[in-house]
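Read through the structure below, which is laid out as structure tokens, and then see the notes.
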Amino acid sequence: MSEQVARVVIDRILASGGTQRLRALLVHVKSSSAVKRSAFRTSGSKDDIATAAQEAHRLGHVSLTRLASLADECEENGSQRIVIFTATDTGRTKLSAASLAPLLEQKPREPTVALYGGLPRQTRLYAEVRESTTIVKRIGPAHIWSRDEDRSYETSTEKATFWTREDGRAVDMLRFDVASGRTEIRIDRVFSGTSKTFLDERFLSFLEALSNNVRVPDDLKPVPLWLGFSDIVSCRDDTYMSVDSAYDPSIEHTLSRRRAGTKAPDIRDDKRYDMNAKSYGRSSVSIYWKLPEEEPSQHPRYLYTHLARATVHLPNSGSIDVCKVWIPRRASPQEVNHVLARLSTIAGPAIARSS
Amino acid sequence: MSSHDLARLLAPRLPEARKNALRAAEYISLVFHEDRAALLDDTLLAGALELSAPVLRDALVHLESEGYLALVLSWRCPSGRGTIQESREISCFPLVSDCDRCGDVHEFDVRDVTVSFEATREMLALIDG
């Protein structure tokens, strides 16, 4: 049974873009314990790594808990929309371990096929405490409708569009830092063809799912990162931008590199760029963050984020403004935390001035 | 002079070749001197040189066939924020793509694709003299 669960958990790691991290775990296990060189592989294709991890687990070198922890790490970071809040005093109380006791009891005692399978049958909501962070996690099914181009047709007398249902596994979460009160709500993109509407709806449904325990905005106040958008754009140390769009009382101004990705020089280095002035406002920022490297590299790694101010209409309690931080690709916890920390640090003074 | 070498390549494709080929060559050289990742198309050239776009398209295709330019297909953000992805072949674009310009996810639509040309190493060597 344990081996079957291990296989499902390993598949979850691979499906969440964690092949290299699984490989790193195998390398670490092999180098730090008395494991025979031939016990399992630490290189090869995705399938080879999956087989090696299965073997390492069967031989007792990697526990199921450790594999599950890696699966959690892979699917909890990146490929999601994040909204940052500050817990009020009542929010801190409501997110304490004592208040969340019923949800903490819902946490499965050990990894199961039902918990880590690709298509969950039911939605689970549970909490867990990890060192100084409290997590409330929702795992459940989600679906979108995708246009089926092969079956859709148009003739001179008739046209028909076919839609195919895509099912997936959604992992949404609230992360509450007990010491600072800083709280993140992370909504899983689930599908490559996800839409802003899908994410908006899931954000609201997650707030609804949390509402027995904690409520926005009484218990969680959105952090107005948008107040620091101009400061974020002015920060040149570790960022890259290919497009900038801003407005003043008279005009809207967008400058965009014609080349895709990070191929062309930063748009802020163009001699025609003039959007540094404080008189410009921004409702969104598209920006790449240079990730810290152990050694200086000629080819820096970047994590892309799109930041946007948005008004969210809460059922029965008015509307709030939030800053949506969109991280479209999977990333490591360190990478996501680095970017979120940079955002808070840079926008912090502007937020403090306004309050 | 590098512009003269480029002008010689362009001359058979342009009307009033003596005058226009050198003008076109000087303009192209200037563009790639200022930005080696720049993209050229017939509309830009037609505006700058006051020549007909079809003639200039033919000249660009000629430079591409000679290895001095390379075709770039740009999938443009439908929200008008720039280029989402580039490819040499239209079939290489995915059906959906994250957009790093507007933060949305777009479905591929061939109407969002534009055609332009980038300088090859041969072109950069030519204009660098």
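The closest side-chain donor-acceptor pair between B:Asp98 and A:Tyr304, if any, does not fall under 3.5 angstrom. Under 3.5 Å, the side chains of A:Ser242 and B:Arg101 contain a donor-acceptor pair of N or O atoms.
For the pair A:Ser284/B:Arg81, a side-chain contact is recorded, criterion being any heavy-atom separation below 4.5 Å from C-beta on. Side-chain contact between B:Asp104 and A:Lys196 is present, with at least one heavy-atom pair separated by less than 4.5 Å.
For the residue pair A:Ala260 and B:Thr83, the shortest heavy atom distance occurs at CB-CG2, 3.8 Å. Residues B:Val105 and A:Thr194 share a closest heavy-atom pair of CB-O, 3.4 Å. Smallest separation of non-hydrogen atoms from A:Ser286 and B:Gly103: OG-N, 4.5 Å.
In this structure, OG on A:Ser192 lies 9.0 Å from CG on B:Leu95, to the nearest 0.5 angstrom.
Using a 4.5 Å cut-off between heavy atoms, B:Ser116 touches chain A through its side chain atoms alone. Of the atoms belonging to B:Cys77, not a single heavy atom falls under 4.5 Å from chain A. Proximity to chain A involves both the backbone and the side chain of B:Glu86, based on heavy atoms less than 4.5 angstrom apart. Using a 4.5 Å cut-off between heavy atoms, B:Ile84 contacts chain A through its backbone alone, with no side-chain atom that close.
By the 6.0 Å contact criterion, CD on B:Glu50 is open, its count of non-hydrogen atoms from other residues, nucleotides or ligands being 12 or less. The number of heavy atoms from other shown groups lying within 6.0 Å of CZ (B:Arg88) is above 12. The 12-atom threshold is not exceeded at CD of A:Glu252, counting heavy atoms of other residues, nucleotides or ligands nearer than 6.0 Å.
The salt bridge (Lys or Arg N to Asp or Glu O under 4.0 Å) check on A:Asp270 picks up A:Arg257, A:Arg272, with sequence neighbours excluded.
When B:Ser74, B:Ser97, B:Cys102 are compared by the number of non-hydrogen pairs under 4.5 Å with chain A, B:Cys102 comes out ahead.
Residues of residues 320-335 of chain A having a heavy atom under 4.5 Å from any heavy atom of chain B, listed by number: A:Trp326, A:Pro328.
Although no hydrogens or angles enter the test, the distance criterion places no donor-acceptor pair under 3.5 Å between the side chain of A:His306 and the main chain of B:Asp100. Side chain of A:Arg258 to backbone of B:Gly82: no donor-acceptor contact under 3.5 angstrom is found.
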